[in-house]
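These numbers come from the heavy atoms of this one structure, side chains and all, not from hydrogens, waters or symmetry mates.
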2 protein chains.
Amino acid sequence: MANKPTADRAGTAATLQRGKACLRCRKRKMKCDGVKPACQQCVRAKKGDGCEYDDGKGKTRTQLLKETISKLEDRVRELETPSGVPASVMLFDPHDFSGSSPDSFGSPDSTYLSAFPTASDSSASPSTSWSQLQGAASPLVGGPSLNDMFFDERHSPFQPSNDASVMLLDIFAPHARQCGLEIDMESLRQSVALPITEQRHSTFLNAIYLWACFVSRPEPLSQNEDHYLQLSLDALPDALQTGNFIDAIRASCLLSMYFLSNGRLAEGAYHASAAAALADQLRLGRQSELEDVKCMKAGAYEAERIFAFWQVFNLDRCWSVVLQKQPVLTDGPAPRSMITVPWPQEIAEYKMGHVSSSQVPTIQTFLSGSISANGFSSAALRVKASALLSQAHRLADKCYPGMKVSAQFIEEINNLEHVIALFCSTLMPIDQLDTLLLEEKYSTIVAHTLAQTAVVFLHRFFAAENQTSNEKCAQAARICASMIKRIGEKEFGFLDPVIGPSWSWVADSVVSRLDRLEMSWPLSDTSDVRAELATFAFAMSTISLHFPVVAPALSRVQKRLV
Amino acid sequence: MANKPTADRAGTAATLQRGKACLRCRKRKMKCDGVKPACQQCVRAKKGDGCEYDDGKGKTRTQLLKETISKLEDRVRELETPSGVPASVMLFDPHDFSGSSPDSFGSPDSTYLSAFPTASDSSASPSTSWSQLQGAASPLVGGPSLNDMFFDERHSPFQPSNDASVMLLDIFAPHARQCGLEIDMESLRQSVALPITEQRHSTFLNAIYLWACFVSRPEPLSQNEDHYLQLSLDALPDALQTGNFIDAIRASCLLSMYFLSNGRLAEGAYHASAAAALADQLRLGRQSELEDVKCMKAGAYEAERIFAFWQVFNLDRCWSVVLQKQPVLTDGPAPRSMITVPWPQEIAEYKMGHVSSSQVPTIQTFLSGSISANGFSSAALRVKASALLSQAHRLADKCYPGMKVSAQFIEEINNLEHVIALFCSTLMPIDQLDTLLLEEKYSTIVAHTLAQTAVVFLHRFFAAENQTSNEKCAQAARICASMIKRIGEKEFGFLDPVIGPSWSWVADSVVSRLDRLEMSWPLSDTSDVRAELATFAFAMSTISLHFPVVAPALSRVQKRLV
DNA sequence: GCGCGATTATCGCGTCCATT
DNA sequence: AATGGACGCGATAATCGCGC
Ligand SMILES: [Zn+2]
Ligand SMILES: [Zn+2]
Ligand SMILES: [Zn+2]
Ligand SMILES: [Zn+2]
């Protein structure tokens, strides 16, 4: 114990730790006791108010140097910006609403920014204001001159400054989970202070900045979407070439989600499929070899791999349904090609070095109905919902008019339905949603909705003929509608975009039911069904303001409501 | 005493001083004795001439950082100076090995060019000489000096001039089919004279130029590979955004093939999967709605769609086997998601406005063994070979030690084998290959080889136990080997790159057979099997000069040959 | 051999005693 | 107060050792 270099029981401090002596004592080479705000030496010399310590808070020499480099790079970037349009665009003050969106999108309170709508002010969001940022001048230091060009190569033009980066990250943070990005935001936030070469690859960072702009719509900041989109896309080939595969995958996922959410399906499909192929190629779905994660660094990398894999998985499994194509990520049939990577855990667990592992096929075991001891983090639940949705769609896709329904097929459907029910029972019940943290609330809503959509997929083909199936669809729709009523208007923008298509499928089943009702009993009262449909129309229309991808489906539903 | 850092009396070096280990030892993290000019480790590894030490001048990490800082500060000061002396750029270049030209490659006989090796001079290939080409086609061709690298702004818009474009296209033309690009080269050639807006998208054109450079290895022109690669990749997002989907797909395919052929599997997988997803998204696999193709333009567009689809199909089905992943392109199971696009026809037929069509599932019908009246163009035969390979691999992938072999599974294998035999009977027999046009000869060789590889896939799992399977594998290998003997050395560079991996799989089965032979009858004469293996080794080694992707498999085979 | 996490040894540098 | 220089911390280079 007490490997304090010095402290000898009592107060006899022998030698102060490095970096802890005050500036004056350093200069004078005298013993400093390191007391703040003023050390004894300084007090004795009546220079108490001049006793300063350098801000070496936990930073090592090297780290300090690296930070200096980062700042300088920042400064250079700023200066290099050709009498800067693009860089200054992002310095729009979001509180300046003078000329913004004519179509009133709601009251211009700060909820458009990043904080959760009803979040208590405990948020980690920093108090930096835009004007502060604007004024923040880079501390410039003089120094000896060497004129040698730095052979750094690819410093993309118009990267945001460090401060701006942090701000964009802070805007993005509450939306990270929504777009499938499980990541340790805190360390990411700190990493922007590092020199460029030690940061994440720019394709990844710029994809995040893109999302930061995207979620800030219709604030002026969103004008930079195209800019960051361009930067991220441009840097993608470099990431691939230099072997930054994880960053390439995560960036591709973010880009894909962006395209898909905006209804740019071709581009979205393109990048989603590419990301999945890359994940397959890297065998991210297989449990990694290193059984016990010794050093911190390996642990962090392992967590990255796991998160990246499940990010791809969610994207692939959910959106392949939207795009009506087969999922790309391989999971069997050969044992060696099955997904065996462990369920995602909470970020905090990884930080503590806990990585669960087992060699069973993660997804297939879950889909077979086995109960497992792990896999109940919110990220894992989200993954399970994706798996259920995809599986249900796979079964539903086999149905076509005139098919012969085998007993085995019915069996498969029943099994899956059972797994869905089991899964739902592990989610926080809907009437207790508000006891959750907001972030958890949103992801739970998404998980519930996907699960109910899976039920609809399993039954909609039979609903016309089979009363039980019809009732199951109706029940699922009712559950979804009841959740919608629990979502505040400001909260829609925090949901995973895939919930939009999901609602539209459930709504389609409601439309079918309405059709059948009106066909069978033309005079019956359908107002409750119509009300339910209106609920979906409301949800879809609200979310389509954020994620235009649902717009076509929305107009279909609205048309049906006359 | 004697904590002397280094020499302990005699020559027993304990630990070398910092900064004194040679570069290779540092990278390898092994003991270095620091002897100059070459340390023992390097000498032992026969890398004696590569043993370098970093110049004594301090390179201790922190010093490097500080140096970077002062450079940056310098840069800042320079930028801040309003009037600014233009800051003498790079007074010296520490790496300036003036005049380091690439070692002159082998004899500059024009076979490296593109004309078919034994082509009669009737070929369409122009009589351009290399010197002409160098002057016109390649703005960058002279070995790029380091200064060029420094100044290279990511987008040096060095698009080739019209004449250069035509020449690149001419170089490429004889290789088009090899990389899966069925296209009307003639009209493409003429289109470069059109205004840019009416040309094909630059991502596509540059991908072709990339291949032109690639196939011209090791001529100096190939130094531009990176350049065109960059241009093509950079333009890809634009093609997607502006809706030039066909060009985006075809470019992605070419890029993917380029990466894959060069063993850059991750990048190759990325673009292949992306292309397939896009093709799925555009429903290229479905027969288009326009039943009768009225105007010429629509006809050309239809042909483009069809060719693009089959290009993706070949890429997806063949290389997913190489990459050991599931194919991406959807083909069923639901009837509406099956491939129904007609077989590719000869280009001339499309030009004459003949487009066959029918609504049957193209591939699935073929795989079921039905005989069709169309689908015998060389492009269609190539497609069929891909389908067979993929299907065989799908079945083979279900096999794993300890599996239970169902009768149904055997049935599937037998059926597919029957289809393969049927298919082979529609190909020009091997002993008549030389009666074909060279282009046809090459694609027929590829088709035969893929078909035989499919046979190997179907049987290799059972070959150890089952004499018939063993014999089938042997027979397939014999057929492939006999074809190899009919390929002139100069002709290897014109074969579809996938033939490399294909040979390696067949060779693997030969290795297995050899193992079994030597195991069972240690004294038997295996010289004929070894000779066959040597044939594959020769083929693989020859083609690996063009397509490095086979290199790892090659070294495996060579090792077995001792 | 190779790649690389873990371990060992070196040496740059901050602290502060002692002398001027 | 100024400062040479002993002292020793801890960042980092060298190297070990292990699994392929
Ligand atoms: Zn002090
Ligand atoms: Zn002080
Ligand atoms: Zn050495
Ligand atoms: Zn050496």
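- Taking the nucleotide of DNA chain D with the nearest heavy atom to each of B:Lys20 and A:Arg18, the more 5' of the two is matched to A:Arg18.
- Mapping A:Ala45 and B:Gly19 onto DNA chain D via the closest heavy atom, the residue that lands nearer the 5' end is A:Ala45.
- B:Lys27 comes within 4.0 angstrom of no nucleic acid atom, judged by non-hydrogen atoms across all strands.
- In terms of modelled atom types and a separation under 3.5 Å, the side chain of A:Asp33 and the main chain of A:Val35 share a donor-acceptor contact.
- Among residues two or more places apart in sequence or in another chain, the side-chain contact (heavy atoms from CB on, under 4.5 Å) test is passed with A:Val360 by A:Ser358, A:Thr365.
- Atom CG in A:Asp33 sits about 13 Å away from atom C1' in C:dT15, given to the nearest Å.
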Tabulate atom names and distances for all N/O pairs under 3.5 angstrom spanning the protein and nucleotides 17-20 of chain C.
unit_1: C:dC17; atom_1: N4; unit_2: A:Lys29; atom_2: O; d: 2.6

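- Distances from the side chain of B:Gln17 to the nucleotides C:dC2, C:dC11, D:dT15 place C:dC11 closest.
- By the 4.0 Å N-to-carboxylate-O rule, A:Glu304 lies close enough to A:Arg200 to be salt-bridged with it.
- In this structure, B:Asp397 pairs ionically with A:Arg336, as a charged nitrogen and a carboxylate oxygen lie closer than 4.0 Å.
- Under the 4.0 Å criterion applied to side-chain N and carboxylate O atoms, B:Arg26 and B:Glu52 are not assigned as salt-bridge partners.
- Backbone-only engagement by A:Cys32 is indicated by non-hydrogen atom pairs under 4.0 Å involving sugar-phosphate atoms exclusively.
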CA sep, side-chain torsions, deciding dist, call: A:Ile246, A:Phe204, side-chain contact (heavy atoms from CB on, under 4.5 Å) | CA-CA 9 Å; A:Ile246 299 290; A:Phe204 178 56; over 6 Å; no

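- Closest to the side chain of B:Thr15, from the set D:dT15, D:dG8, C:dT15, is D:dT15.
- Atom pair B:Lys559:NZ and C:dG1:P shows a separation of 14 Å (rounding to whole Å applied).
- For the pair A:Lys20 and A:Tyr53, the cation does not sit on the ring face, since its NZ or CZ is not both under 6.0 Å from the ring centre and inside 45° of the axis.
- Picking from D:dT15, C:dT15, C:dC2 the nucleotide with the shortest atom distance to the side chain of B:Ala21 gives D:dT15.
- Rounding to whole angstrom units, CZ of residue A:Arg26 and P of D:dT3 are separated by 18 Å.
- Atom pair A:Leu16:CG and D:dC7:C1' shows a separation of 15 Å (rounding to whole Å applied).
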